[in-house]
Q: 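Here's a structure for you.
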Amino acid sequence: MKAHHTRTWPNSIAEARAIQESLRGKVVARDRLGKIGTVAGIDVGFENHGTVTRAAVVVLDFPGLAPVEQAVARRATRFPYVPGYLSFREAPAVLAAMKKLRTRPDLLLCDGQGLAHPRRFGLACHLGLLLDIPSIGVAKSRLIGTHGDVPDEKGGWAALEDKGEIIGAVLRTRAGVKPVYVSTGHRISLATAIDYVLRCTTRYRLPETTRHAHRLASAV
DNA sequence: GCGACAG
DNA sequence: ATCTTGTCGC
């Protein structure tokens, strides 16, 4: 007999928190990735005043970064935006978009935090775990944690800390721009995550994966 | 009780 | 996230 996934979506913040607490222990913090031939960018946008969630996934070959496949999925929005619970709002549409993919990407770059989360289970951890694909969280702003000065040169970074623990890196992807917040999702280490984010970034602040996905999810 | 707060 | 054009700065 095949295991049946009876997955109910939380109907409250309390339920969502309980799910995060029960799943965070399953996250693999070490490098458990194979040869990376493709990387995927994931982003979400909204339509009709937020009532519809639109997720976009774009797969690029690696290290070339040329687009090879993309998918978009729309789902009724069923969870509010509450800091610390972003994955419950975005994951349903993202998982639907992933199912439309013919390619199974070797690495995921998610638009949000991974380990750099109050309960160490941000969007990147949640998606990586549910899909069982190595994942990285690349956020445009900070959720939690403190850090020192970030060298103003591409590749310069400062450790992001919380409660005496290093939860991510504040990384300068380009000189003269606001740094991005990188943290591990699933099956990857922070050092490796930083390396891949830099290798997916060319001439802009955000990785090419994120830029492509954002265009598909939000642009007309 | 007063701020902070991914997208 | 989203509503939205031009404008300041390197």
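Keep in mind that the numbers below use all heavy atoms, side chains included, and drop hydrogens, waters and symmetry copies. All chains are named by letter (A, B, ...) in the order of the sequence lines, taking the proteins before the strands, and each is independently numbered beginning at 1.
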Q: How many whole angstroms separate atom CZ of A:F88 from atom C1' of B:dA6?
A: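 Those two atoms, CZ and C1', are 14 Å apart.
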Q: Is there a side-chain contact between A:S141 and the phosphate of B:dC5, meaning an N or O under 4.0 Å from OP1 or OP2?
A: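 No, no such contact exists.
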Q: Round to the nearest Å and state the distance from A:R89 atom CZ to B:dC5 atom P.
A: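 In whole Å, B:dC5 P lies 19 Å from A:R89 CZ.
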Q: With stacking defined as ring centroids separated by under 5.5 Å and planes differing by under 30°, is A:Y81 stacked against B:dG7?
A: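 Whether judged by distance or by angle, A:Y81 passes, so it stacks on the base of B:dG7.
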Q: Have a look at A:G84 and say if it touches a base, only the backbone sugar-phosphate, or nothing, with a 4.0 Å heavy-atom cut-off.
A: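 Touches a base.
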Q: A:K140 has an atom NZ; how far is it from atom P of B:dA6, in whole Å?
A: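 Computing the A:K140:NZ to B:dA6:P distance gives 10 Å.
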Q: Answer with base, sugar-phosphate or nothing: what part of the nucleic acid does A:G45 contact at a heavy-atom distance below 4.0 Å?
A: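 Sugar-phosphate only.
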Q: How many angstroms lie between atom CZ of A:R120 and atom CD of A:Q20, to the nearest 0.5 angstrom?
A: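 Answer for the CZ-CD pair, A:R120 versus A:Q20, is 12.0 Å.
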Q: Checking side chain to side chain contact (heavy atoms under 4.5 Å, CB included) against A:I167, which of A:I144, A:T184, A:L143 comes through?
A: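 It is A:I144, the one option of A:I144, A:T184, A:L143 that forms the side chain to side chain contact (heavy atoms under 4.5 Å, CB included) with A:I167.
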Q: From B:dA6, B:dA4, B:dG7, pick the nucleotide closest to the side chain of A:E90?
A: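 The closest nucleotide is B:dG7.
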Q: Taking the basic N atoms (NZ, or NE/NH1/NH2) and the acidic carboxylate oxygens, is any pair closer than 4.0 Å for A:R215 and A:D43?
A: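 Result for this pair is no, no salt bridge flagged.
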Q: Establish, with yes or no, whether the OP1 or OP2 oxygen of B:dA6 is under 4.0 angstrom from a side-chain nitrogen or oxygen of A:R142.
A: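 For B:dA6, neither OP1 nor OP2 has a side-chain N or O of A:R142 closer than 4.0 Å.
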Q: Between B:dG7, B:dA6, B:dA4, spot the one nearest the side chain of A:H117, thanks.
A: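 So the nucleotide nearest the side chain must be B:dA6.
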Q: Would you tell me if any nitrogen or oxygen in the side chain of A:S218 comes within less than 4.0 Å of OP1 or OP2 on C:dA1?
A: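 So the side-chain polar atoms of A:S218 never come under 4.0 Å of the phosphate oxygens OP1 or OP2 of C:dA1.
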Q: When the distance from OH of A:Y181 to P of B:dA6 is rounded to whole Å, what number comes out?
A: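 The distance from OH of A:Y181 to P of B:dA6 comes to 11 Å, rounded to the nearest Å.
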Q: In whole angstrom, give the distance that lies between atom CD of A:E153 and atom P of C:dC10.
A: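 Answer to the nearest Å: 20 Å.
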Q: Nearest whole angstrom, please: distance from the C1' of B:dG3 to the CD1 of A:I144.
A: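 Nearest whole value for this atom pair: 16 Å.
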Q: Between A:R102 and A:E69, is the closest basic N to carboxylate O distance under 4.0 Å?
A: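 The answer is no: the pair does not qualify as a salt bridge.
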Q: Would you mind reading off the distance between A:L86 atom CG and C:dA1 atom C1', rounded to a whole angstrom?
A: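 Atom-to-atom, A:L86 to C:dA1, this comes out as 10 Å.
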Q: To the side chain of A:P83, which of B:dC5, C:dT2, B:dG7 is closest?
A: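 Minimum distance to the A:P83 side chain belongs to B:dC5.
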Q: In this structure, which one of A:T51, A:T53, A:N48 forms a side-chain hydrogen bond (donor to acceptor under 3.5 Å, both in side chains) with A:T77?
A: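 Going through A:T51, A:T53, A:N48 one by one, the side-chain hydrogen bond (donor to acceptor under 3.5 Å, both in side chains) with A:T77 is satisfied by A:T53 alone.
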Q: Output the rounded distance in Å from NE2 (A:H126) to C1' (B:dG7).
A: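 Between C1' of B:dG7 and NE2 of A:H126: 16 Å.
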Q: Taking 4.0 Å as the cut-off, does a side-chain nitrogen or oxygen of A:H214 come that near to OP1 or OP2 on B:dG7?
A: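 Result: no.
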